Amino acid sequence: QVQLVESGGGLVQAGESLRLSCAASGRTFSSLSMAWFRQAPGKERESVARINRSGGSTSYSDSIKGRFTISRDNAKNTVYLQMNRLKPEDTAVYYCAAKEGAVFATGARHYDYWGQGIQVTVSS
């Protein structure tokens with residue numbers, strides 16, 4: 001079993017930055033591929049960014065490409081999402097997710113473990 005705990009969310013103004021963190025426990029972190037998802041009210045959960053277990057490969061959705069960066073520190077069992085130039089449409093609950101194996105995936109159905117989610121609100 002894997003436990004994931006997100007932190008770093010909050011309320012910011014458009015154009016500002018936030019960094020989300022997700023601390024993992026319960027399994028060897030370096031065996032897990034990780035991802036960030038988000039869900040806005042009335043919308044489906046959206047895959048935002050993905051990283052493989054070594055950190056050497058990443059992938060992003062078109063809506064945030066060039067503004068967000070996913071990274072991980074396997075020594076600290078933590079994955080990060082640096083969010084720059086935030087927009088009001090980035091407002092959502094952000095979730096950290098983990099799956100076993102070297103290769104990340106886009107769909108939520110591929111991920112076995114989920115954090116509780118953290119609110120990010122961007123005001124205009």
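Because the structure is a prediction, the values reported are computed rather than measured.
At a threshold of 4.5 Å between non-hydrogen side-chain atoms, the residues Leu20 and Val120 count as touching. Between Ile51 and Val79 the shortest side-chain heavy-atom distance falls below 4.5 Å. With contacts defined as side-chain heavy-atom distances shorter than 4.5 Å, the pair Glu6/Tyr94 does not qualify. Counting only heavy atoms from C-beta outward, the side chains of Arg67 and Asp90 approach each other to under 4.5 Å. Annotation: side chain of Leu32 is not in contact with side chain of Arg53 (no heavy-atom distance under 4.5 Å).
Checked against salt bridge (charged side-chain N to carboxylate O under 4.0 Å, His left out), Glu46 has the following partners two or more places apart in sequence or in another chain: Arg38. Considering only residues two or more places apart in sequence or on other chains, Lys76 meets the salt bridge (charged side-chain N to carboxylate O under 4.0 Å, His left out) condition with none of them. With sequence neighbours excluded, the residues forming a salt bridge (charged side-chain N to carboxylate O under 4.0 Å, His left out) with Arg27 are Glu100, listed by chain and number. Residues that satisfy the side chain to side chain donor-acceptor pair (under 3.5 Å) test with Ser47, not counting sequence neighbours, are Arg50. Qualifying salt bridge (charged side-chain N to carboxylate O under 4.0 Å, His left out) partners for Arg19, counting only residues two or more places apart in sequence or in other chains: none. Annotation: side chain to side chain donor-acceptor pair (under 3.5 Å) contacts of Arg45 (sequence neighbours excluded): Gln39. Residues forming a side chain to side chain donor-acceptor pair (under 3.5 Å) with Ser61 (at least two apart in sequence, or on another chain): Ser63. Scanning for side chain to side chain donor-acceptor pair (under 3.5 Å) contacts around Asn74 gives Arg72, with sequence neighbours left out.
In this structure, Lys65 and Asp62 approach most closely via the heavy-atom pair NZ-OD1, 3.3 Å. Closest approach of Cys96 and Met34 over heavy atoms only: SG-CE, 3.6 Å. Closest heavy-atom contact between Ala23 and Thr78: CA-OG1, 4.1 Å. Between Thr121 and Gln119 the shortest heavy-atom distance is OG1-NE2, 3.2 Å. Nearest heavy-atom pair, Ser33 versus Gly101, reported as atom, atom and distance to 0.1 Å: OG-O, 2.7 Å.
Going from atom OG of Ser25 over to atom CG of Leu4 covers 7.5 Å, rounded to the nearest 0.5 Å.
For residues 2-21, there are no ring pair (Phe, Tyr, Trp, His ring centres under 6.0 Å) pairs, not counting sequence neighbours. Residue pairs meeting the ring pair (Phe, Tyr, Trp, His ring centres under 6.0 Å) criterion with at least one member in residues 47-87, sequence neighbours excluded, do not occur. For the ring pair (Phe, Tyr, Trp, His ring centres under 6.0 Å) condition, the pairs that include at least one residue of residues 6-52, sequence neighbours left out, are Phe37-Tyr111, Phe37-Trp114.
Note on Tyr113: it does not cluster hydrophobically with Val93, by side-chain heavy-atom contacts below 4.5 Å among ILVMFWY residues. Ile70 and Val2 fall within a single hydrophobic cluster, where Ile, Leu, Val, Met, Phe, Trp and Tyr side chains are chained together by heavy-atom contacts under 4.5 Å.
Put simply, the side chain of Asp73 never gets that close to the backbone of Asn77: no donor and acceptor are under 3.5 Å apart. A donor-acceptor contact shorter than 3.5 Å is absent between the side chain of Gln82 and the backbone of Thr69. In this structure, the side chain of Lys87 does not engage the main chain of Thr91 through any donor-acceptor pair within 3.5 Å. Panel note: side chain Ser54, backbone Gly56; a donor-acceptor pair is recorded below 3.5 Å.
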Could you give the side-chain donor-acceptor pairs of residues 8-18 under 3.5 Å, partners two or more places apart or in another chain?
{"from": "Glu16", "atom 1": "OE1", "to": "Gln13", "atom 2": "N", "distance (Å)": "3.0"}
{"from": "Ser17", "atom 1": "OG", "to": "Asn84", "atom 2": "OD1", "distance (Å)": "3.0"}

